[in-house]
Each structure stands twice: as C-alpha cells, then as structure tokens.
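Step one of this worksheet: look at the structure below.
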Amino acid sequence: MVEQHSPRQTLCTFCGVVDQVTITPNDKVRGTGSMGVCVKGAHYFQKHLGSDPREVARFTSPMLRSPYGWERVSWDYAIDMAADTILADRQEFGRDSLGFYGVGQMTLESLWVAKKFFQGHLGTNNICSNAEQCLANNAGGHELVFGNEGPFSSYDDYRHAEAIFFYGHNPAINHPTVFQRYVRQNRAAVKVVVDPRRTDTVEQLLRDNPENIHLPVRSGGDVLLNCVIARYLVDHRAWDRGYVARHADPALADEFLRFIGTGPFGLDEAVPRLTPTGMPVVEMRERIVRAAELWRRDRVVTTSSVGINQTVGSAGVASILNLHLLTGHIGEPGRGHVRMAGQSNASAELALGYSGRLLPFRMRIAEERDRTEMAAIWELPPWRINPEPGLPVASFATSDRLRTLFVFGTNPARNFPNLRRWREKMMDLCIVYVDSYYNPEILEYADIVLPCRTKHETAGIFLNGERRLQFMEPVEEPAFEAWSDVRIVCEVARRVAARLEEDARPSAGGDARLTVAEVDDLVADGNRDIDPAALDKAFSYPTDDFGEPLSEYVWNEVQAASRGFYNEFVDGTGAPITLDQIRAGEGVQWAGERRYQPSGEGPLSSAVRRAERRAATFFVPPPERLLPFQERNRGGFVLITGRGVMGDKAKRHNVAMFNSSTATGADDWPDENSVYVNDADAARLGVTSGARVGLRNEIGAIECRAEVSPDVPAGHLYLTFHPDKADTHPNFLTSSDNIDPHTWQPLLKDTRVDLVVGGGQP
Ligand SMILES: Nc1nc2c(c(=O)[nH]1)N[C@H]1C(S)=C(S)[C@@H](COP(=O)(O)OP(=O)(O)OC[C@H]3O[C@@H](n4cnc5c(=O)[nH]c(N)nc54)[C@H](O)[C@@H]3O)O[C@H]1N2
Ligand SMILES: Nc1nc2c(c(=O)[nH]1)N[C@H]1C(S)=C(S)[C@@H](COP(=O)(O)OP(=O)(O)OC[C@H]3O[C@@H](n4cnc5c(=O)[nH]c(N)nc54)[C@H](O)[C@@H]3O)O[C@H]1N2
Ligand code: SF4
Ligand SMILES: [Mo]
C-alpha cells in the first residue's frame, strides 16, 4: 500500500497542460505547480481517492462477451483469449487485420510498448490514436514549414509576449489553468481571438481590456485571414527581410511572396469574404488591421487548437507559421507558436509516430531506410516492419481490412466521424477494450474488456503540450486487481510468445532477406514469421512487487532509441534526460533553452534526424484551403462542434466536462444538449429557443432542442460533442471522407448540415 500519512505529489493528466497536484493526508487536493488546478482536476481526485469502485463505476474484473451476456473471467483467461485472437486473426486474415487505437492519456511507457508490439513484432501499421482526431494537424503544420512536428515554445512564452493570438481555441474552458495564470495575468499583452463564436475566452478577455480583439471570421477562413495579414505586413514593410534570407528556403520564399503579393488578399477584396453576415465589414476591417499591426511588436506568440485543426487542417497551422517566419517572431522566449495539446500525452503520441503512416520519431513507413533503422532499434530483422501503410482512423468505418481492434481508452462509440457507419462496422470487429471506467456505450461493441489502473493508481511519464516531461506517481493501489496499460500490453505480448513456443514450430527468425509475399506466407503458415524468444525478451521488463513493469527500464529504452532524432529526449545541455530528472520538481523541458534556435545563425530546423539541418519552407496554401466554408457550401449551415455549452452560467459546467466525461461522471451530464442558432437565422426559419429542430445531411440526421443566440454568427450552428442524457451525437453528421491530405485527420468541424424545424429524424 502506498504511504498515506504525508502529502502525496502526482499529476492531473486530463488535458495537455498536465498540472502538478498535491494530495494532503486527509485527501484534500491542491494545485502545486506554477499554474494550479482546475475544477475537473480537483473534482476527479476528490471523487476517486479512496472511493468504492462500484460507486465510481469502475470495471473491476476482466470480462468476456458470451452467448449468455458478459462473463467475469480471470486475468489469465482473458490474456489467453486476447493472445489467441491475435494469432488466429493474423494467421487467417493477415498482419494488417489487427489494429490498435489508443488514448492520449496513456503513459509514454504504454505508448512505447504498444508501438513496439503491434508495429514491430506483429507487423501491422494500423496503430494510431485519438491524436489523429485532435493534434495531428498541429504536427502536420510544423512538418510542412519546419520539417518536424515539434513546436519550440513553452507556456512561459505567454508571460513574455506583447501580443497573443488564439486561433480556434477556447482556453478559458479547455486549458483553464494556463489561461488564468499565464495569459490573463500578462495584462500588458494584447490578445486576439480568432473564433466565429463569442466564447468564454472572448468574454473574459474583452472584460479584462476592451482593446483585446475578437475576430469572428467565418468558419474555414483562417488561412485566408493569415494571407491577408501577410499581405498587409509586406505592403507596410513590416516583415523581416534579413530573417527570411537567413532562415527560409529562397525559392519557396520567393514563391510565397509572389503568391501573397498577387493573390486576392488586399483588405478591400478579402475582408468582405471573412465577415459573417450581419457584421459591418468596416468593423471587421478595423479589427483585422489592428491585429495585423500587432506583428510589429517585439514579441508575438500564437496558439491554435482544434478549431483550426478540424476545419482547415494542417494548412491552418502552417499559415500561422508563415507569419512567424515572415516576421522573425520565432525561436526566442516570448516569440513563437505555443502548442496547447488536447490530451496530456498527445505530444508523446506524435513523437512516437502514432499514425498509420509513421514509425517512432516521425520516420516514415514508406522509406526503406527508416524501416530498416527502426527494425534495428527494436532488434528485429529488417523485413520485420511492414511496408504497407496503415489505415487512416477515419477509414476504420469503411475499410474491410480490420478484424481485431485493441482500443485503449478513448470512446469509439461516440467520438468517431461517420458514427452510424462506424458503429455498424464495430459490430463485425473483435474489440478488446481497455479502460478503467464502466462505459455502457462501448459494451454494445466490445468482446473482451480489461480493467486498467486509473490515473491516480498508475506510474508513468507524460510529455505535455510544451514538451515538458513529468512523472505521475501512483497515490493509491486499486481496491481490486487492475493492471496498467503497459503491463497489459507486455502480458499479451509474452502470452503470444508462449503460445507460439507451445506450438513448437520453427520460426523464420534471423536476418534472412524476406519479401512481403514470403512474410505473408509465413504468417499464414501459423505465424512462423514471429520469433517467440525475441518477442518474450522484448517485453520482459523488471517489475515491481505488483508485477508492474518499472518505468525506468522502459524510459531508458525510449531515451536510447531517440538518439540522433529531432525528437531526441535530451535536456538543455544536450545530455540524455534521466528518470530522476523527470521525477524532480516540475519535470524537465525537452531540449531546455536549446529548443529556441539562435535566430542569427544557420537554418532554423532539422528534418527527422537532428543532423539533417534544413531551411524553413514557406507554405503556399492550395486553393481549396482559401475558401471559407460558406463559399464552398452555399445555402447550408456549418455545424461547429466543440467543447462546452453556451450561455452565461455555463463556464463551471464546461470546465468540468472532459470529452466523453466517463471519469468525471455521468451525474453532471445535462438532460439534453441544444444546438445554438443565430438570431437572424432563427427569425428567418421561425426557430425559437426550446423548439425542436432536426439537423441532417448526406451522412445522417439527429434531433435536438434549439437555442437562439447572438454569440454564433449567421450561417453557423454550434452543438457540443460532450455527452448528454438524451444521447445527442453530432458525429452522426460528420464525414469520414473529409480528411487532411497530409495527416489524415478528419475535419470534424467542417460539416455541412441543413436545419429543419420541428425535428428531422427520418
Ligand atoms: N474542460 C475541458 N477541457 C478540455 C477538453 C474538454 O472536453 N473539456 N478537451 C481537451 C481536448 S481533447 C482538446 S483537443 C482541447 C480542445 O480545445 P479547443 O480547441 O479550445 O476546443 P473546441 O471547443 O473543440 O474548439 C475551439 C474553438 O474552435 C472554434 N472554431 C470552429 N470552427 C472554427 C474555424 O473555422 N476557425 C476558427 N478560428 N475557430 C473555429 C469553435 O467555435 C471553438 O470555440 O481541449 C482539451 N481540454
Ligand atoms: N464532433 C466532434 N468529435 C470529436 C471532437 C470534436 O471537437 N467534435 N474532438 C475530437 C478530439 S480533439 C478528441 S481528443 C476525441 C476525444 O474523444 P476520445 O478519444 O473518445 O477521448 P475521451 O472521451 O477523453 O475518452 C477517454 C477514455 O479513455 C479512458 N482513459 C483515460 N486515461 C486512460 C489510460 O491511461 N488508459 C486507458 N486504457 N484508458 C484511459 C477514460 O476513462 C475514457 O473513458 O474526440 C474527437 N471527436
Ligand atoms: S487544466 Fe488540465 S491538467 Fe490542469 S488541472 Fe485542469 S484538467 Fe488537469
Ligand atoms: Mo483532443
């Protein structure tokens, strides 16, 4: 049992901020990091510490679906079942009939072992996570401009900035501690919020200072807006010619400047296209000019979040980075793009290549050199990594490739695009579901359920949005037998090895050069491509007294593997980061001050490998990214889905809800969510607050209540994707085909719907 007489330190690992918390001996919770703790962080610990597992709706035992319903089984039996399913499906349907979908709240250790098992030893590239619905396009934007996924900046940069831009980001509810302690406390900085809606963030910032700016540009208008700002800066000689010459690829810089100078980006032609119906164009023009002028200040920080990642894709972040490059606002404290991750370990998922296209450290499956290098790191033969890319998450719903899907956390019964189709597909899959909390929705689709340790029972490393590594200490043992994710993966891997040993057929093993067809033949011939001894060894980490693999060993392996890559886990002196450093204080920041590249020297960034220095490449957006939603979809509404409900008293409720809100509890779910409709649209269509309306498009239809609100612009509708008791799912309307071409992230907020008065369920 963990000592409970002295204060216990751990982390809150819901959102990408990852705050430090202290639990007092009488179970009071305090935020002890520099930012404090928010409602849901505090509420989580208060609710779950020392709780009765039944009262907080935990899964308390492995379970199997049987003809008679759910059966409780032993861990041993459940792991047998999982291992046998892998081997049987693999043999019959091939390597990529297997898949893994994880949550960005898993520990770095578990993300690493899952990648090593599924991609390395089992040879499937269907290994991805909810980062692909969330932060992938932030990484994609960075890759387009700097050649790698990671931003250089940190939360502290908000304190040094003189101007702060938020693109499609509502931090007042979604990253509340950073927002209250760092952003709002920097009174001197002017803040600009680019968001079609008047959000809590806008409200609070305008109350703080009427000079702060809300730019309610039409949905999908962000790339166009940034081109307008770039044109303004070039026309007013407010860009840094010398900086561009030193850091940017010259051919692309010329092309970008020509594009900006000759494209339709003058204020007269572009501002009307950005201005929502009903707002005077002169007012929008005046605000855009004031915002553009801020780039003349010394220190400018921008942030973006899923408001642009899920509408204009990686082009959104790339278009913001263009502005940083054009003005030299990058690479120093108080200058740059800060990443606010949605989930606590989403940055680890990005660094470890959680995508059907990628290997760890952003190496590419399509590159033979990368596959060979990764196989060597995992001590596997070079043919071991499958050259066939995995599926985009969005295509899970429509592909026939998958048979067995391991789902660690995340709620696939709710938060996927094209939800009806995906739910039908899940009925055909064998789903092994690993979560701590009882989720009745997923029980419709799962076949094996494994109860994992929850946050405060798990040890593990988190790489937060600003790429600071911290350690989550367990502060309690589970009251029943629950294993951590890392242990579950290792036990399944070793059981697969044991099953193959029992089979006693020779594996191909060795360094022989095998073609894809030869590997497939071995797979079909009883999984003879897998070397059971190597498999067992790779997942036999030293454990603690409870059988939990020790973080130190997994971390040392990850750290060593990362050497030489851009994502190399080194500190400010360039030395390897140790677990002791991660455990101390508020952890250790990736690359320390060295992450800011000195602005006066050489190329700014490097590609996948650290030694491969490259110049930054301006991003010239393709034409389709320059069209605000309404120019692509005349007549229809854009359905914005996001976090929180609207209205005066909603803030506390909004902060308390986290995505599917399983851990924070169903008690707080509202009876029914409402779709918010602008006054002018409501008057035109005869919609009143409280009326029932239908939303429909070619993907599906839902019905809910309407709420009339001036805070949503005309032509836009807003509906939260947080759960309610009436089961209102906006993802019945989102598409699995509308994805970013670079990262495959679904553009969930770029959804066209018609609004029908009086209900629209067919
Ligand atoms: N309390 C709470 N905190 C959370 C979460 C939670 O569920 N609850 N979830 C966590 C997760 S996983 C994530 S990813 C983050 C997300 O944090 P945010 O990105 O702030 O979340 P959203 O509310 O989905 O979207 C932000 C804003 O994008 C705007 N938007 C929509 N379309 C456009 C557009 O075309 N352009 C622009 N500029 N804006 C647009 C929406 O109006 C919305 O206000 O929050 C994390 N933190
Ligand atoms: N329409 C629409 N759809 C969206 C979005 C949107 O804005 N609009 N946002 C998208 C975004 S940004 C995201 S991130 C996704 C979020 O949606 P999901 O990926 O479904 O994430 P959560 O709802 O947070 O579900 C997390 C689950 O993981 C479990 N969990 C937490 N920690 C762990 C752990 O360490 N191990 C294991 N095994 N389980 C754990 C929790 O108990 C919970 O049940 O939804 C996406 N879907
Ligand atoms: S801001 Fe995020 S990390 Fe901090 S306490 Fe709240 S949910 Fe936890
Ligand atoms: Mo997210």
Side-chain angles (χ1 to χ4, degrees), residues 13-17 38-40 101-107 110 129-135 166-176 193-202 215-222 225 304-312 316 340-346 407-417 419 433-439 442 450-455 458 460 484-485 488 628-629 638-644 654-664 712 716 718-723 729-731 733-734 745-746 748-751:
T13 52
F14 281 113
C15 80
V17 176
C38 78
V39 191
K40 68 187 153 310
Y101 184 65
V103 70
Q105 293 164 57
M106 292 168 68
T107 62
S110 56
S129 69
N130 63 1
E132 192 164 321
Q133 313 237 33
C134 174
L135 201 61
F166 298 94
Y167 286 86
H169 183 198
N170 186 7
I173 67 168
N174 293 326
H175 299 101
V193 184
V194 186
D195 195 314
R197 293 192 303 137
R198 190 178 168 98
T199 58
D200 290 301
T201 301
V202 174
L215 295 180
V217 295
R218 285 180 163 173
S219 165
D222 300 77
L225 171 72
S304 65
S305 190
V306 297
I308 68 166
N309 293 346
Q310 295 171 349
T311 50
V312 286
M340 298 295 297
Q343 310 227 349
S344 49
N345 233 347
V407 178
F408 276 58
T410 111
N411 187 355
R414 176 178 286 275
N415 299 326
F416 260 63
L419 190 56
Y433 187 67
V434 181
D435 201 322
S436 314
Y437 297 98
Y438 179 80
N439 175 348
I442 190 68
L450 302 174
C452 70
R453 288 177 172 235
T454 185
K455 301 180 181 311
T458 306
S484 68
D485 297 320
I488 291 170
F629 179 88
V638 54
L639 178 66
I640 300 179
T641 56
R643 283 139 181 93
N654 289 345
V655 174
M657 296 286 279
F658 191 85
N659 298 346
S660 321
S661 307
T662 42
T664 40
V712 188
H716 299 61
Y718 176 75
L719 174 61
T720 183
F721 87 120
H722 284 156
H729 290 301
N731 281 327
L733 300 159
T734 53
Q745 175 166 351
L748 297 165
K749 289 183 172 51
D750 186 64
T751 295

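Read the numbers this way: they start at 1 and go in the same order the structure lists the ligands and their atoms. Fair warning: this is a prediction, and the values are worked out from it, not measured in the lab.
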Using a strict 4.0 Å cut-off to heavy atoms of [X], name the atoms of ligand 1 that fall inside it.
| X | result |
| --- | --- |
| Arg197 | 41 (C), 42 (O), 43 (C), 44 (O) |
| Val194 | 37 (C), 38 (N), 39 (N) |
| Thr199 | 44 (O) |
| Asn654 | 1 (N) |
| Gly168 | 19 (O), 26 (C), 27 (C), 28 (O), 37 (C), 38 (N), 39 (N) |
| Ser219 | 35 (O) |
| Ile173 | 1 (N), 2 (C), 3 (N) |
| Lys40 | 1 (N), 2 (C), 3 (N) |

Close residues, ligand 2: non-hydrogen atom nearer than 4.0 Å
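For ligand 2, the residues that come within the 4.0 Å heavy-atom cutoff are Val103, Gln105, Met106, Asn130, Gln133, Cys134, Val306, Gln310, Gln343, Phe408, Gly409, Thr410, Asn411, Asn415, Val434, Asp435, Tyr437, Cys452, Lys455, Asp485, Thr641, Arg643, Phe658, Asn659, Ser660, Thr662, Phe721, Asn731, Leu748, Lys749.
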May I ask you to test the Asp750-Gln310 pair for a side-chain heavy-atom distance under 4.5 Å?
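When only atoms from C-beta onward are counted, Gln310 and Asp750 do not touch, as no gap falls below 4.5 Å.
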With side chains defined as the heavy atoms from C-beta onward, is the minimum distance between Asn731 and Leu748 less than 4.5 Å?
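The answer is yes, as the side chains (C-beta and beyond) meet within the 4.5 Å cut-off.
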Has ligand 1 got any nitrogen or oxygen that is less than 3.5 angstrom from a nitrogen or oxygen of [X]?
| X | result |
| --- | --- |
| Pro196 | no |
| Val655 | yes |
| Tyr167 | no |
| Asn170 | yes |
| Gly220 | yes |

Checking the side chain of Ser661 only, and the main-chain atoms of Met657 only, is there a donor and an acceptor separated by less than 3.5 Å?
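No, the answer is negative, given that no donor and acceptor are paired below the 3.5 Å cut-off.
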Look only at the side chain of Thr720 and the backbone of His722, and say whether a donor-acceptor pair between them is shorter than 3.5 Å.
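Confirmed, Thr720 side chain pairs with His722 backbone.
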Ignoring hydrogens and geometry beyond distance, is a side-chain donor-acceptor pair present between Ser304 and Asn309 at under 3.5 Å?
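Side-chain D/A pair, Ser304 to Asn309: absent.
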Indicate whether any N or O donor in one side chain lies under 3.5 Å from an N or O acceptor in the other, for Glu132 and Gln745.
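No, because no side-chain N or O of Glu132 sits under 3.5 Å from a partner of the opposite role on Gln745.
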Less than 6.0 angstrom from the centroid, inside 45 degrees of the normal: does Lys455 satisfy that with respect to the ring of Phe14?
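So Lys455 does make the cation-pi contact.
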Residues in salt bridge (Lys or Arg N to Asp or Glu O under 4.0 Å) contact with Arg414, at least two apart in sequence or another chain:
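Counting only residues at least two positions away or on another chain, Arg414 forms a salt bridge (Lys or Arg N to Asp or Glu O under 4.0 Å) with Glu441, Asp727.
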Arg453: which residues meet the salt bridge (Lys or Arg N to Asp or Glu O under 4.0 Å) condition with it, sequence neighbours left out?
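Counting only residues at least two positions away or on another chain, Arg453 forms a salt bridge (Lys or Arg N to Asp or Glu O under 4.0 Å) with Glu477, Glu548.
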What is the minimum heavy-atom distance between Pro412 and Tyr433, and which atoms define it?
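Here Pro412 and Tyr433 meet closest at CD-CE1, 4.2 Å.
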Evaluate Tyr101 against Asn130 for side chain to side chain contact (heavy atoms under 4.5 Å, CB included), listing each step before the verdict.
CA-CA 7 Å; Tyr101 184 65; Asn130 63 1; 3.4 Å; yes
Please enumerate all residues that pass side-chain hydrogen bond (donor to acceptor under 3.5 Å, both in side chains) together with Thr107, with sequence neighbours excluded.
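Checked Thr107 against side-chain hydrogen bond (donor to acceptor under 3.5 Å, both in side chains); matches are Ser110.
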